[in-house]
Amino acid sequence: MRRLTLAAALAAVALLGGMRPAAAQADVALVLAVDVSASVTDARFALQREGIARALDSDALAEALAAGPHQTIEIAVVEWAEKQTLVLPWTVVRRRSDLTDIALKLRRAPRVWVDTRTDPGGGIAAADALFASAPLQPDRKVIDVSGDGQQNAGEATTAAMRDAAVGHHVTINGLPITSGDEPHVDQWYRDNVIGGDDAFLVVADGFAAFASAFEQKLTREVAGAEVPRRLASLR
């Protein structure tokens, strides 16, 4: 799959902005913003990427898609560290086969090494900018941020970037991955990452638990429904 820098991709899709059908609708426009900084080793990255692919190709997500009022969603994927890369441009999803296609593209895509440090705020800002080029008008705009560390790079704080996105009527949900490196990153995500209407947090207890946590989180984001409180912590 051809790789585009985020800036180049945004410039390209901006040219199509006037072609958006006025009546087009989607249940949710969802940007998956995924940490690929140096703390995400190759082994951890493999667990992370496969977990995302499995969640996209799951029965639970397909059922949530089919149950939506428009039975349509749109998804983009951004990987971030100190910089951000658009891994999957906006893709309209209307059926199970579309989800399977996205999962396959992600499984085939090589890892992008962008930088070593961690800037979730930059990931949020990049994801927020993408909504201007979404091909369909969504009922909800959601950024799904996953990562294993606090911010240690970037020109603005993560909380400031979160607040800016929330000001654009975006909901930001978090999936912190706790580990021996930063065991309390979940509290930092609660304080600095999640925000907006019905924002929530799902914690993965290490990278081995990422796949199940991500599936639960992604399904809830598409369905817009509550999940048991023992599995999700609300801000």
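When reading the values below, keep in mind they use all heavy atoms of this one structure, side chains included, and skip hydrogens, waters and symmetry mates.
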Where do [X] and [Y] come nearest, in terms of heavy atoms and distance?
X: Ala60; Y: Glu215; result: CB-OE2, 3.8 Å
X: Phe210; Y: Leu47; result: CD2-O, 4.1 Å
X: Pro120; Y: Trp188; result: CG-CH2, 3.7 Å
X: Leu136; Y: Glu74; result: O-OE2, 2.7 Å
X: Met161; Y: Ile124; result: O-CG2, 3.7 Å
X: Thr41; Y: Arg111; result: O-NH1, 3.4 Å

- request: Would you please name every residue forming a side-chain hydrogen bond (donor to acceptor under 3.5 Å, both in side chains) with Thr118, sequence neighbours left out?
  value: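 By the side-chain hydrogen bond (donor to acceptor under 3.5 Å, both in side chains) rule, Thr118 matches Ser37.
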- prompt: Got a sec, which residues hit side-chain hydrogen bond (donor to acceptor under 3.5 Å, both in side chains) with Gln71, two or more places apart in sequence or on another chain?
  reply: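 Not a single residue meets the side-chain hydrogen bond (donor to acceptor under 3.5 Å, both in side chains) criterion with Gln71.
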message: Checking Asp186 against Arg190 for the salt bridge (Lys or Arg N to Asp or Glu O under 4.0 Å) test, could you report, in this order, the C-alpha distance in whole Å, the side-chain angles of both residues, the deciding distance, and whether it holds?
response: CA-CA 6 Å; Asp186 53 333; Arg190 286 188 183 93; 3.6 Å; yes
For [X], which residues count as a side chain to side chain contact (heavy atoms under 4.5 Å, CB included) partner, sequence neighbours excluded?
X: Ser97; value: Arg95
X: His70; value: Gln25, Asp27, Thr72, Asp139
X: Arg96; value: Asp57, Asp59, Ala62, Thr100
X: Ala153; value: Glu82, Arg117, Asp119

message: Does atom CG (Asp163) have a neighbourhood of more than 12 heavy atoms from anything else shown, all under 6.0 Å?
response: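 More than 12 within 6.0 Å, yes.
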query: Got a second to check how far Tyr189's OH is from Arg162's CZ, nearest 0.5 Å?
result: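 Here the rounded value is 12.5 Å.
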- request: Dump the intermediate steps for side chain to side chain contact (heavy atoms under 4.5 Å, CB included) on Phe45 and Asp35, then the final yes or no.
  value: CA-CA 9 Å; Phe45 176 81; Asp35 182 1; over 6 Å; no
message: One pair to check against salt bridge (Lys or Arg N to Asp or Glu O under 4.0 Å): Glu50 and Arg107. What are the steps and the verdict?
response: CA-CA 7 Å; Glu50 178 59 24; Arg107 286 185 170 110; 2.9 Å; yes
Donor-acceptor pair between [X] and [Y] side chains, under 3.5 angstrom:
X: Glu221; Y: Asn173; result: yes
X: Thr85; Y: Glu79; result: no
X: Ser39; Y: Asp148; result: yes

task: Could you walk me through whether Ile75 and Leu56 pass the side chain to side chain contact (heavy atoms under 4.5 Å, CB included) test, one step at a time?
output: CA-CA 10 Å; Ile75 296 178; Leu56 287 164; 3.9 Å; yes
